[in-house]
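In what follows, residues are counted from 1 in the order of the sequence shown.
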Amino acid sequence: QVQLVESGGGLVQPGGSLRLSCAASGIIFSINDMGWYRQAPGKERELVAGISSGGRTNYADSVKGRFTISRDNAKNTAYLQMNSLKPEDTAVYYCHARYRYMEYWGKGTLVTVSS
């Protein structure tokens, strides 16, 4: 019933910006926690940023100062604003949500940072 759909991925040049969105459907009450993970070829999936229902955030050291996670509780949507992008940010980005003690994942959106 619950579904997460990511959007906003694409090709961007180093130093550029991109904004990812994660829309949740099938939600009656507010989602407890949401986050963004990424996985590059040959690497493990890692947490990029997380945000609680109250707006508390945390970030991976590699993206601090460059990425900003936010959410619109009324729309059950999370966002990831990515600035000063680097080639090493290239990965498939996945949305994750915790709702009523269950875990949900989106199918991912590809972000490619290249000149």
Trainee: How far apart are the C-alpha atoms of T77 and D72, what are their side-chain angles, what is the distance that settles it, and do they pass the side-chain hydrogen bond (donor to acceptor under 3.5 Å, both in side chains) test?
Mentor: CA-CA 5 Å; T77 300; D72 185 333; over 6 Å; no

Trainee: Between the side chain of Y79 and the main-chain N/O of T68, is any donor-acceptor distance below 3.5 Å?
Mentor: no

Trainee: Just to verify, which of T90, V48, L80, V111 counts as forming a side-chain contact (heavy atoms from CB on, under 4.5 Å) with R38?
Mentor: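 Result for side-chain contact (heavy atoms from CB on, under 4.5 Å) with R38: V48.
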
Trainee: Might you point out which heavy atoms bring S21 and W36 nearest each other, and give the distance in Å?
Mentor: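 So the minimum-distance heavy-atom pair works out to O-CH2, 3.5 Å.
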
Trainee: Between K64 and D61, is there a side-chain N and carboxylate O pair less than 4.0 Å apart?
Mentor: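 Judged by the 4.0 Å cut-off on N to carboxylate O distance, K64 and D61 do form a salt bridge.
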
Trainee: Should F67 and L85 count as side-chain neighbours, where that means a heavy-atom distance under 4.5 Å?
Mentor: yes

Trainee: E6 versus Y93: any side-chain heavy-atom pair under 4.5 Å?
Mentor: no

Trainee: Going only through I, L, V, M, F, W and Y residues with side-chain contacts under 4.5 Å, is there a path from L110 to V12?
Mentor: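 Different hydrophobic clusters.
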
Trainee: Look only at the side chain of T109 and the backbone of G9, and say whether a donor-acceptor pair between them is shorter than 3.5 Å.
Mentor: yes

Trainee: Is the shortest heavy-atom distance from the side chain of M82 to the side chain of V113 under 4.5 Å?
Mentor: no

Trainee: Checking side-chain contact (heavy atoms from CB on, under 4.5 Å) for the pair M34/C95: CA distance, chi angles, key distance, verdict?
Mentor: CA-CA 7 Å; M34 300 189 76; C95 182; 4.0 Å; yes

Trainee: With R19, which residues qualify under salt bridge (charged side-chain N to carboxylate O under 4.0 Å, His left out), at least two apart?
Mentor: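 Salt bridge (charged side-chain N to carboxylate O under 4.0 Å, His left out) check on R19 returns nothing, list empty.
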
Trainee: Do Q13 and S114 come within less than 4.5 Å of each other through their side chains, counting heavy atoms only?
Mentor: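 Not touching, per the 4.5 Å side-chain cut-off.
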
Trainee: Report the distance from atom CD1 of I31 to atom SG of C22, rounding to the nearest 0.5 Å.
Mentor: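 Taking CD1 in I31 and SG in C22, the distance rounds to 7.0 Å.
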
Trainee: Would you say the side chains of R56 and N58 form a donor-acceptor pair under 3.5 Å?
Mentor: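 Distance-only check fails for R56 and N58.
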
Trainee: Could you tell me which residues satisfy ring-ring contact (aromatic ring centres under 6.0 Å, His included) with Y37, sequence neighbours excluded, listed by chain and number?
Mentor: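 For Y37, the residues satisfying ring-ring contact (aromatic ring centres under 6.0 Å, His included) (neighbours in sequence not counted) are H96, W105.
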
Trainee: side-chain contact (heavy atoms from CB on, under 4.5 Å), that's the test. Do D89 and R66 meet it? Break it down for me.
Mentor: CA-CA 11 Å; D89 294 319; R66 299 189 298 119; 2.8 Å; yes

Trainee: Shortest non-hydrogen contact from Y59 to A49?
Mentor: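 Where Y59 meets A49 most closely, the heavy atoms are CD2-CB, 3.6 Å.
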
Trainee: Any chance the side chains of N32 and S53 put a donor and an acceptor closer than 3.5 Å?
Mentor: no

Trainee: If every non-hydrogen atom of A60 is compared with every non-hydrogen atom of L47, which pair is closest and at what distance?
Mentor: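 Between these two residues, the closest heavy atoms are CB-O, 3.4 Å.
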
Trainee: Salt bridge or not between R98 and E103? Use side-chain N to carboxylate O under 4.0 Å.
Mentor: yes

